[in-house]
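Chain naming here is simple, since letters A, B, ... match the order of the sequence lines and numbering starts at 1 in each.
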Amino acid sequence: MFMQVAFKYEWLEDCLKEGTRLPVEKYSLLNAPTSAPASSDESTHSPVISEDEFHHGLLSVVKVKRSHETDRSNEDSDSEEDSHKRKKEEVWMDVIHRSGKLGVVGKSGMTSQRDEGKDMEIQTQSPQSYTPPNLNKNITAIFDELKNIFGDALGDDRRSFSYYKANSVLEKLPFKITSVEEVKGLPAIGKSMQDQIAEILKTGKSSRLEHFKEDEKVRVVSLFGAVWGIGPSTAQKLYEKGHKTLEDLQNEESLTSAQKYGLRFHTDINKKIPRHEVQEMELLVKNCAESITPGISVLCGGSYRRGKALVGDMDFVVTHPDGKSHAGFLRKLVYKLKQLDFLTEDLTVGMDHPLEERGVDTYFGLCKYPGREQRHRIDLKVYPHEKYAFGLIAWTGNDVLNRRLRLLAEAKGYRLDDHGLFPVTRDAQGQRVSERSSGVLCSTEREVFDKLEFPWLEPNERNL
DNA sequence: GCTC
DNA sequence: AGCAACG
DNA sequence: GAGCCGCTTGCT
């Protein structure tokens, strides 16, 4: 039993090494929960989506709980190092424990009936049951701004990701940091982060961030870069053209149509969507899909599937078990969802892959909750059935897990992406080559995890 | 930025 | 080819 | 000091 605990701990720490954290938070919420959503016309029943994975949820929770208790009952050695290590261990076990609790949440969407009982705390879907308190907002808020500056304005993705990873560790700590000593040795917290944390603890702010904030260029470019479709390069060009505000950009002809939509609905898009509303829109999409092609499978992935109380956008992953009816389906679905006045604007579209190509049709756009004008980001992806498991993993995320799985795959001689796991060989030049035709067959997510020998994670445990 |  | 996006 | 996901995908 102890072995299991140790293993789980080491593995988690290993994970955190690579990176961590949940999607960026933008703090404005303006939800006026209103009328019930319209379900699509004829069919009011919810199509049954087979999701074997969900059955294992509760089991996992219990297992984690037991491990946690075992861990704590096991402390009787008392060297300083041991106690130090044990303290950290408890920290991470607590993290796991909480993920476990979140575990039930993910399934609540599937069994939306019960609103009371022992799972009440979870069933109510109060933000707190999904989102750990984050006792170190004083630090993570600053790091988050730096993350955005490095990402949106400076185009330094690597450095941006480092702040992202540091935050993911810090926001999960079960205590409020009072001294740098407490973060030394934590994954993703190196010398520079320690120094900055020390400064924040001492002065309440970061001189680096303050410096950035005084710089008009950084401020403006960062603002532009936050618009959907505008990256660091374009943002900088727009600044050099003399633009200073988002209003200035409205008469900028050079913007692509997607960027124009991103601009027009910028504030809309940045608002988080309450989980229960996503659930309602999921039903709408499912019903619509079923009315077009019975037997079609529609699942809302992303942070929704990972159990978050508030989500930034919606990611729908679609397939058909018969292996052929998915072809051409996306166009029909989009058409009908527009008729229903649900889908509103297109951002990028890649559809109509011919059946024999076994390609993935994608749609990125905007939609609105029935009866409201407020826009949301929505993605639709249609997979041929044999690629579905890979698509589901990729579009459930989170991004850190995806990268980690891909790195692991590479280490084991494979190449992983959202439509397969492919053995890698080397050509004469030693270049990596993989035959897309000879991918490893996996029909469930679990088979992919197993193939990579990566410990199984419930969707709600994937918020690394 | 962090890690090996 | 460069840019931007997705998890 | 090198590597950091994807022989991503779509758009211009």
> With a 4.0 Å cut-off on heavy atoms, is A:Arg436 in touch with a base, just the backbone sugar-phosphate, or nothing at all?
Replying inline: sugar-phosphate
>> Heavy atoms from C-beta onward define the side chain here; which of B:dC2, D:dC5, C:dA5 lies closest to that of A:Leu407?
In response: D:dC5
> Within this structure, what is the CG-to-P distance between A:Asn460 and C:dG7, rounded to whole angstrom?
Replying inline: 18 Å
>> Distance check, C1' atoms only: D:dG6 and D:dG10, in whole angstrom units.
In response: 14 Å
> Counting side-chain heavy atoms from C-beta on, which of C:dC6, D:dG10, D:dT12 comes nearest to A:Ser257?
Replying inline: D:dT12
> A:Ser233 side chain: which of D:dC5, C:dA4, B:dC2 is closest?
Replying inline: C:dA4
> Which listed nucleotide (B:dC2, C:dC6, D:dC4) is nearest to the side chain of A:Arg158?
Replying inline: D:dC4
> Of the nucleotides C:dC6, B:dC2, C:dA4, which one has an atom closest to the side chain of A:Pro232?
Replying inline: C:dA4
> Nearest to the side chain of A:Arg403, which nucleotide is it out of D:dT8, C:dC6, C:dG7?
Replying inline: C:dG7
> Distance check: side-chain N/O of A:Arg377 vs OP1/OP2 of C:dC6, anything under 4.0 Å?
Replying inline: yes
>> Mind checking if A:Ile230 touches a base, just sugar-phosphate, or nothing, with heavy atoms under 4.0 Å?
In response: sugar-phosphate
>> From the set D:dG10, D:dC5, D:dC7, return the single nucleotide nearest to any side-chain atom of A:Arg415.
In response: D:dC7
>> Measuring from the side chain of A:Ser162 (C-beta onward, heavy atoms only), which nucleotide among C:dA5, B:dC2, D:dT12 has the closest atom?
In response: B:dC2
> Base, sugar-phosphate, or nothing for A:Ile393, non-hydrogen atoms under 4.0 angstrom?
Replying inline: nothing
> Rounded to whole angstrom units, what separation is found between the NZ atom of A:Lys260 and the P atom of D:dT12?
Replying inline: 10 Å
> Applying a 3.5 Å limit to both distances, which nucleotide forms a Watson-Crick or G-U wobble pair with D:dC7?
Replying inline: none
>> Does A:Lys191 reach a base, just sugar-phosphate, or nothing at all? Heavy atoms under 4.0 Å.
In response: sugar-phosphate
> Heavy atoms under 4.0 Å, any strand shown: does A:Glu410 hit a base, just sugar-phosphate, or nothing?
Replying inline: sugar-phosphate
> Starting at CG of A:Leu416 and ending at P of D:dC4, how long is that distance when rounded to a whole Å?
Replying inline: 15 Å
> Strictly under 6.0 Å, is that where the ring centroids of A:Tyr163 and A:Phe150 end up?
Replying inline: yes
>> When the P atoms of D:dT8 and D:dC4 are compared, how many Å lie between them, rounded to an integer?
In response: 15 Å
> Rounded to whole angstrom units, what separation is found between the CG atom of A:Leu347 and the P atom of D:dT12?
Replying inline: 11 Å
> If you measure from the P atom in B:dC2 to the same atom in D:dC7, how many Å do you get, rounded?
Replying inline: 29 Å
>> Need one value for A:Asp156: base, sugar-phosphate or nothing, where a base atom within 4.0 Å counts as base even if backbone is also close, heavy atoms only.
In response: nothing
>> Give me the atom names and distance for the closest heavy-atom approach of A:Val400 to A:Tyr164.
In response: CG2-CE2, 3.6 Å
>> For A:Leu392, is there any backbone N or O sitting under 3.5 Å from a side-chain donor or acceptor partner on A:Thr396?
In response: yes
>> Any base atoms under 4.0 Å from A:Asn402, or only sugar-phosphate, or nothing? Heavy atoms, all strands.
In response: base
> Within the structure shown, what part of the strands sits under 4.0 Å from A:Thr234 by heavy-atom distance: base, sugar-phosphate, or nothing?
Replying inline: sugar-phosphate
>> Are there over 12 heavy-atom neighbours, none belonging to A:Lys451, within less than 6.0 Å of that residue's NZ?
In response: no
> For the pair made of CD in A:Glu435 and P in D:dC7, what is the distance, rounded to whole Å?
Replying inline: 13 Å
>> Whether A:His419 contacts D:dG6 is assessed here as follows: a side-chain N or O lying under 4.0 Å from the phosphate OP1 or OP2. Is that the case?
In response: no
> If you look at every strand shown and take non-hydrogen atoms under 4.0 Å, does A:Asp157 touch a base, only sugar-phosphate, or nothing?
Replying inline: nothing
> Which listed nucleotide (D:dG10, B:dC2, C:dG7) is nearest to the side chain of A:Asp313?
Replying inline: C:dG7
>> Could you tell me how far apart A:Asn463 (CG) and C:dG7 (P) are, to the nearest whole angstrom?
In response: 13 Å
> NA contact type, A:Val227, heavy-atom cut-off 4.0 Å: base, sugar-phosphate, or nothing?
Replying inline: sugar-phosphate
> Rounded to whole angstroms, how far apart are CD on A:Gln259 and C1' on D:dT12?
Replying inline: 10 Å
>> Checking contacts here: which listed nucleotide (D:dC5, D:dT8, C:dG7) is nearest the side-chain heavy atoms of A:Asp379?
In response: C:dG7
> Knowing that exactly one of A:Leu366, A:Val227, A:Leu263 qualifies, which makes a side chain to side chain contact (heavy atoms under 4.5 Å, CB included) with A:Ile269?
Replying inline: A:Leu366
> Rounding to the closest angstrom, what is the interatomic distance between C:dC6 and D:dG3 at atom P?
Replying inline: 28 Å
>> Using modelled atom types and a 3.5 Å cut-off, is there a donor and acceptor pairing between side-chain atoms of A:Arg415 and backbone atoms of A:Pro423?
In response: no
> For A:Ala141, does its backbone N or O pair with a side-chain atom of A:Asn138 as donor and acceptor, under 3.5 Å?
Replying inline: no
> Does A:Ile139 offer a backbone N or O that forms a donor-acceptor pair with the side chain of A:Asn136 under 3.5 Å?
Replying inline: no
>> Between P on C:dC3 and CG on A:Leu255, what's the gap in Å once rounded to a whole number?
In response: 16 Å
